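Quick caveat: nothing in here was measured; it's all calculated off a predicted structure.
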Amino acid sequence: MGANLQSVGITGLGAWVPEQVITNQNLMQTIDTSDEWIVTRTGISERRKAAAHEAVSDLGIRAARAALADAGIRAEELDLILVATITPDMLFPATACLIQQELGATGAAAFDLSAACSGFIYGLAVGSQFVATGMYRKVLVVATETMSKVVNWQDRNTCILFGDGAGAVVLQPVEEGWGLLSFDLGSDGTGADLLKLPAGGSRKPASLETVQNGEHYLTMNGNEVFKFAVKIMGDTALKCLQKAGLSTEEIDFFVPHQANTRIIEAAVKRLGLSNKKVYVNLDKYGNMSSASVPVALAEAVNKGFIKKGDLLVLVGFGAGLTWGSCVLKWSK
């Protein structure tokens, strides 16, 4: 992590997805599409959808409890809770405060972070600094999304892509040379209009007109986002490896943001990786925004694909436009 800084690693990991499954066949009943059309263009076969009564904090709490149990610590021991989300329960208070209250983490500071699909990587970078500097020793990072609440289920170009889920990690000091080795974060605000939720903020407060115009649903220029993602995923991974003084040949496992199989394939080719070193669960969950990477990481670890000492590269990209990558030596 740098001179005089404490090495920081993931000591607990948890994930949770809603029970309801929305298959491509389900979508075919309400919109003009087909299973072949969706799979060919995206790689997605099904996605999870939160129940009507479930808010994003409900998903995040479940993932957080799993991460705490995996780390073997109590909520009362936490110093900080950081939540990455673009679908908060409400504009304020922060979803992190709601999760703090539900967990009983009475000693923890709490705040939210908004970086869209890059949110988990940004959360790791921000949360790890508190531990690296010695300010805190136990930080919980939660990435949780209910994208189903903000997609227009009549828009076949977007509703087929997104799903709901949550992932969480506990960050703590680890032995020098292990854990989080480097980060690369970036943004390009000139692409802000490519993927956004137009209304509901101070620019366009909620009104009868914004609701009637469908401005509380996300909008996306799919072609432009695709072109951005294909380039940036490889670029940021290579830059992050360079910062850590490592090469692509040293990568043991690659966990990319799960947005589109063609984007992932382009990054894998750019990095010269074997498919055996890449974890993809896009077919089951779709794009869960910030939750995508931690849910995939949790599954890969639980299935035994990732072992202690493995060198991992995590990559996210999304609205903003934002991107982020992380290199870490797995310490669990």
If you look at every heavy atom in [X] and [Y], which pair is closest and at what distance?
X: Ile38; Y: Ile44; value: CG2-O, 3.4 Å
X: Ala67; Y: Ala168; value: CB-O, 3.6 Å
X: Lys196; Y: Ala192; value: CB-O, 3.9 Å
X: Ala66; Y: Gly14; value: CB-CA, 3.7 Å
X: Ala237; Y: Val313; value: CB-CG1, 4.1 Å
X: Arg48; Y: Val17; value: NH1-CG2, 3.5 Å

Set out, in order, the CA-CA distance, both residues' side-chain angles and the distance that settles salt bridge (charged side-chain N to carboxylate O under 4.0 Å, His left out) for Glu265 and Arg262, then state yes or no.
CA-CA 5 Å; Glu265 288 167 359; Arg262 291 184 293 166; over 6 Å; no
Please say whether the positively charged group of [X], taken as NZ for Lys or CZ for Arg, lies over the ring of [Y], i.e. under 6.0 angstrom from the six-membered ring centre and within 45 degrees of the axis.
X: Arg47; Y: Phe162; value: no
X: Arg65; Y: Trp16; value: no
X: Lys332; Y: Trp178; value: no

SB check [X] [Y] (cutoff 4.0 Å):
X: Lys204; Y: Glu215; result: yes
X: Asp58; Y: Arg62; result: no
X: Asp79; Y: Arg137; result: no

Is Trp323 close to Phe228 at the side-chain level, that is, under 4.5 Å between some pair of heavy atoms?
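Yes, their side chains come closer than 4.5 Å.
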Could you tell me whether the side chain of Leu59 reaches within less than 4.5 Å of the side chain of Pro18, counting heavy atoms only?
yes
Identify the residue among Thr33, Asp35, Thr42 that makes a side-chain hydrogen bond (donor to acceptor under 3.5 Å, both in side chains) with Asn24.
Asp35
Kindly say whether [Y] contributes a backbone atom to a donor-acceptor pair with the side chain of [X] at under 3.5 angstrom?
X: Thr236; Y: Ile232; result: no
X: Glu145; Y: Ile86; result: yes
X: Asp164; Y: Met288; result: no

Assess whether side-chain hydrogen bond (donor to acceptor under 3.5 Å, both in side chains) is satisfied between Tyr136 and Gln129, documenting all intermediate values.
CA-CA 9 Å; Tyr136 293 141; Gln129 305 308 307; over 6 Å; no
